Colleague: 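This is the structure, below, for whatever I ask next.
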Amino acid sequence: MRVLSLFDGMSCGQIALRQLGIKVDTYYASEVDKFAIAQTMLNFPDTIQLGDVRNIDARTLGHIDLLLGGSPCQSFSFAGKRAGMSTKQNEEIYTLERYLELKQAGFEFEGQSYLFWEYVRILQELRESNPDVYFLLENVEMGKKWEKVLSEAIGLQGVHINSALVSAQIRKRIYWTNIRTARTLLGDCYTDIPQPEDRGILLRDILEDDADVDEKYYLSDEVVQKLLEHKRRNAEAGNGFGAVFHSGGGEDART
């Protein structure tokens with residue numbers, strides 16, 4: 001298998017493929033954070049680093065079997081400004097064609113969530129060599145308007161999965177993939193990945209028993225109060241975002 005991973009981070013894609021027992025012959029990675037790259041190269045020294053996603057010409061890579069990526073989510077997240085994909089002049093971008101026009105003209109973009117369009121561009125380029133290339137894209141839960149834009153660009157509807165089912169963290173995400181698909185009665189294609197079984201993992205299940213932890217790893221009282229205030233504001237706004245805090249142990253909390 002030949003794999004291209006965009007926004008590769010510490011290469012969790014390789015970790016997952018290894019755990020699945022899938023042999024990877026070539027793994028290309030696009031990442032710009034030097035610390036993430038260093039961690040990847042420590043664990044997977046054969047990784048071929050390609051640098052900035054904006055500078056990749058996927059046509060030069062030949063046949064790719066699987067495209068992975070989790071494009072930046074800050075401008076979509078309920079925790080952020082929710083500016084979506086736009087220029088600094090506040091023009092919202094709804095198509096790959098318009099994004100490429102603006103990029104060519106030298107426009108600057110707000111935040112980093114616009115890099116989703118680089119994922120779509122590269123997917124189209126890969127299809128020139130392999131029309132049946134598999135892809136997996138992940139992003140945060142977002143407003144319906146932007147979810148529709150992403151789904152139409154990718155060509156199918158994503159599946160919503162909360163990682164609280166398999167971890168101690170509430171982490172609601174959307175996954176778009178053609179690895180397993182189905183169609184609605186109206187013929188619309190959607191990602192047909194089933195919901196994972198709830199493992200019932202709680203915070204107490206992952207806490208270390210050793211209480212001798214350096215104080216620099218603890219949140220200050222000031223930061224905790226800011227998080228609680230942030231949770232209260234979002235609860236009042238009705239978006240459901242925010243960590244769960246329990247004083248006096250918090251053993252059953254999911255954060």
Side-chain angles (χ1 to χ4, degrees), residues 5-20 27 29-45 47 49 51-53 68-83 111-113 115 136 138-142 160-175 196-237 239-255:
S5 175
L6 309 180
F7 323 104
D8 187 60
M10 55 175 278
S11 218
C12 290
Q14 294 197 74
I15 296 173
L17 291 168
R18 182 176 61 187
Q19 291 180 347
L20 288 169
Y27 192 96
S30 172
E31 180 54 58
V32 295
D33 186 277
K34 64 180 182 180
F35 299 107
I37 292 172
Q39 187 64 49
T40 294
M41 300 312 294
L42 176 65
N43 294 328
F44 303 99
T47 302
Q49 295 287 346
D52 194 323
V53 65
L68 302 173
S71 54
C73 67
Q74 290 88 344
S75 296
F76 296 129
S77 173
F78 290 115
K81 297 180 179 179
R82 303 186 68 188
Q112 292 184 311
S113 290
L115 291 172
L136 172 64
E138 173 268 346
N139 212 300
V140 70
E141 286 222 353
M142 61 189 73
H160 294 238
I161 298 177
N162 189 344
S163 293
L165 295 172
V166 295
S167 72
Q169 182 182 38
I170 295 175
R171 191 176 180 87
K172 299 177 181 179
R173 294 295 184 267
I174 309 173
Y175 300 88
E197 181 180 352
D198 190 351
R199 299 182 183 178
I201 302 174
L202 303 174
L203 183 60
R204 64 186 177 194
D205 299 322
I206 66 170
L207 292 176
E208 296 181 359
D209 294 330
D210 188 358
D212 186 19
V213 179
D214 195 299
E215 289 189 4
K216 68 180 180 180
Y217 295 112
Y218 286 87
L219 294 178
S220 67
D221 291 340
E222 180 182 1
V223 171
V224 170
Q225 289 304 313
K226 287 182 178 179
L227 289 171
L228 289 171
E229 178 62 20
H230 177 74
K231 178 180 183 295
R232 183 190 63 77
R233 290 196 304 269
N234 282 276
E236 290 177 354
N239 63 30
F241 178 84
V244 178
F245 291 91
H246 288 250
S247 60
E251 292 182 340
D252 293 333
R254 281 177 173 170
T255 62

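Quick caveat: nothing in here was measured; it's all calculated off a predicted structure. No hydrogens, no waters, no symmetry mates; every other heavy atom, side chains included, goes into these values. Heads up: numbering here begins at 1 and tracks the sequence.
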Colleague: For the residue pair R199 and V166, what are the closest heavy atoms and their distance?
Modeller: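 Minimum heavy-atom contact is NE-CG1, 4.0 Å.
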
Colleague: For the residue pair G70 and F7, what are the closest heavy atoms and their distance?
Modeller: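 Looking at all heavy atoms of both residues, the closest pair is O-CB, 3.6 Å.
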
Colleague: List the atom of S30, the atom of G51, and the distance in Å for their closest heavy-atom pair.
Modeller: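 Closest heavy-atom pair between S30 and G51: OG-O, 2.7 Å.
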
Colleague: I'd like to check the salt bridge (charged side-chain N to carboxylate O under 4.0 Å, His left out) partners of E222; sequence neighbours left out, ordered by chain and number.
Modeller: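 Only K226 meet the salt bridge (charged side-chain N to carboxylate O under 4.0 Å, His left out) criterion with E222.
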
Colleague: Please collect all salt bridge (charged side-chain N to carboxylate O under 4.0 Å, His left out) contacts where either partner lies in residues 31-42, sequence neighbours excluded, each pair once.
Modeller: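 Matches after skipping sequence neighbours: none remain.
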
Colleague: For the CG atom of L115 and the SG atom of C73, what is their distance to the nearest 0.5 Å?
Modeller: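 It comes to 12.0 Å.
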
Colleague: Can Q19 and I15 be said to form a side-chain contact (heavy atoms from CB on, under 4.5 Å), step by step?
Modeller: CA-CA 6 Å; Q19 291 180 347; I15 296 173; 3.9 Å; yes

Colleague: Find the distance between CG (L227) and CD (E229) and round it off to the nearest 0.5 Å.
Modeller: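 Going from the CG atom of L227 to the CD atom of E229 covers 11.0 Å.
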
Colleague: Shortest non-hydrogen contact from S75 to G111?
Modeller: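 Scanning both residues, the minimum pair turns out to be OG-CA, 4.1 Å.
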
Colleague: Atom OG in S11, atom CD in Q49: separation rounded to 0.5 Å?
Modeller: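 Answer for the OG-CD pair, S11 versus Q49, is 7.5 Å.
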
Colleague: So, taking the atom named CG in L68 and the one named OH in Y27, what distance separates them when rounded to the nearest 0.5 Å?
Modeller: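 If we round to the nearest 0.5 Å, L68:CG and Y27:OH are 5.5 Å apart.
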
Colleague: Which pair of non-hydrogen atoms, one from P72 and one from N139, has the smallest distance, and what is that distance?
Modeller: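 Looks like O-ND2, 3.7 Å.
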
Colleague: Using salt bridge (charged side-chain N to carboxylate O under 4.0 Å, His left out) as the criterion, list what pairs up with R173, not counting sequence neighbours.
Modeller: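 So R173 forms a salt bridge (charged side-chain N to carboxylate O under 4.0 Å, His left out) with E138.
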
Colleague: I need the D52 CG to L6 CG distance, nearest 0.5 Å.
Modeller: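 It is 11.0 Å, given to the nearest 0.5 Å.
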
Colleague: Report the distance from atom CE of M10 to atom OG1 of T40, rounding to the nearest 0.5 Å.
Modeller: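 M10 atom CE to T40 atom OG1 measures 7.0 Å (nearest 0.5 Å).
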
Colleague: So which atom in N162 and which in Q169 form the shortest heavy-atom distance, rounded to 0.1 Å?
Modeller: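 Shortest heavy-atom contact: OD1-O, 4.2 Å.
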
